[in-house]
Every structure is written in C-alpha cells, then in structure tokens.
Amino acid sequence: MSRSRLHNKLRTNEEYAAITKFLGAVGLRFVLHAPTGSGHPFLDIDLPHGGEPLRHHINSTPRGNGNPRAALSKLKKALREAGYDLGS
C-alpha cells in the first residue's frame with residue numbers, strides 16, 4: 001500500500017489523529033509505515049537522543065475510530081519506558 005493511500009485510510013482514524021497531534025505538539029518527528037504482513041500500520045518515532053526509533057503500532061480497524069485516549073496512554077507509556085516523560 002502506498003504511503004498516500006495509507007495516509008488517506010488513516011486520516012479518519014481518531015487514534016491516528018490523536019497520536020499525530022500529540023507528537024506534533026511535543027516536537028517529535030515520525031514516519032508512517034504500511035503494515036508488514038497482516039499486521040497494523042506503525043509509526044517510527046525519532047527520539048531526541050538518537051539511536052533506534054521507537055516503533056508504535058496503530059490500530060486499523062474497518063471503522064477506524066477506536067479509543068484515542070487509550071492509544072495516547074499506550075504511546076506515553078512507551079515513551080516513558082524509552083526515557084521520555086512528556087506528561088500525563
């Protein structure tokens with residue numbers, strides 16, 4: 001799936017919108033990747049200290065709405081575990 005098709009598919013996904021808005025607000029760059037195999041699409045998030053990017057999967061259900069609060073909570077937990085506490 002091309003990046004533009006993937007972005008068009010996810011632009012109505014509330015979880016994706018919440019995650020990208022949060023990452024933009026805190027100044028973290030990311031790259032959207034298509035799913036590998038039959039999995040979900042994911043973001044590679046560049047961390048300020050460099051090194052390996054943080055890989056964060058995005059739920060991509062047919063309806064695509066999901067639970068944005070839970071998705072943000074999961075992302076913030078992953079960032080804390082990587083050494084970046086960006087608030088609750």
Side-chain angles (χ1 to χ4, degrees):
M1 181 178 295
S2 72
R3 282 191 192 186
S4 61
R5 269 186 64 203
L6 179 60
H7 180 71
N8 286 337
K9 178 181 176 183
L10 289 175
R11 70 185 165 86
T12 59
N13 183 312
E14 292 176 9
E15 288 184 11
Y16 176 72
I19 289 170
T20 56
K21 182 179 177 181
F22 172 76
L23 290 173
V26 297
L28 294 176
R29 296 180 330 144
F30 60 90
V31 177
L32 176 63
H33 293 280
T36 55
S38 62
H40 292 285
F42 60 92
L43 299 172
D44 274 340
I45 303 168
D46 293 330
L47 299 175
H49 73 279
E52 290 292 314
L54 176 67
R55 182 165 287 182
H56 185 74
H57 291 270
I58 301 167
N59 292 331
S60 180
T61 60
R63 299 257 182 226
N65 293 333
N67 186 344
R69 288 182 63 197
L72 279 176
S73 177
K74 182 178 172 186
L75 173 62
K76 289 175 183 178
K77 180 180 179 186
L79 288 168
R80 274 194 304 276
E81 290 173 353
Y84 298 95
D85 190 0
L86 301 172
S88 18

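Starting from 1, each residue takes its place in the sequence as its number.
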Peer 1: Short question: side chain of Asn13, backbone of Asn59 - any donor-acceptor pair under 3.5 Å?
Peer 2: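 Side chain of Asn13 to backbone of Asn59, a donor-acceptor pair under 3.5 Å: yes, one is there.
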Peer 1: List the steps, then state whether side-chain contact (heavy atoms from CB on, under 4.5 Å) holds for Lys76 with Phe22.
Peer 2: CA-CA 10 Å; Lys76 289 175 183 178; Phe22 172 76; 3.5 Å; yes
Peer 1: Between side-chain atoms of residues 68-75 and protein atoms elsewhere (two or more places apart, or another chain), which donor-acceptor pairs fall under 3.5 Å?
Peer 2:
none

Peer 1: What is the distance from atom CD1 of Ile58 to atom CG of Leu43, rounded to the nearest 0.5 Å?
Peer 2: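 Here the interatomic distance stands at 3.5 Å.
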Peer 1: Closest heavy-atom contact between Leu32 and Tyr16?
Peer 2: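 Leu32 and Tyr16 have their closest heavy atoms at CD2-OH, 3.9 Å.
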Peer 1: Does Leu79 reach the side chain of Leu28, with side-chain heavy atoms less than 4.5 Å apart?
Peer 2: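 Of all side-chain heavy-atom pairs linking Leu28 with Leu79, at least one is under 4.5 Å.
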Peer 1: Mind listing the closest non-hydrogen atom pair of Asp44 and Arg55 along with its distance?
Peer 2: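 Residues Asp44 and Arg55, closest heavy atoms: OD1-NE, 3.3 Å.
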Peer 1: Supply the atom-to-atom distance His56 NE2 to Ile45 CD1, rounded to the nearest 0.5 angstrom.
Peer 2: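 So the gap between those two atoms works out to 6.5 Å.
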Peer 1: Applying ring pair (Phe, Tyr, Trp, His ring centres under 6.0 Å), can you list everything that pairs with Phe42, at least two apart in sequence or on another chain?
Peer 2: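 Phe42 satisfies ring pair (Phe, Tyr, Trp, His ring centres under 6.0 Å) with His33, His57 only.
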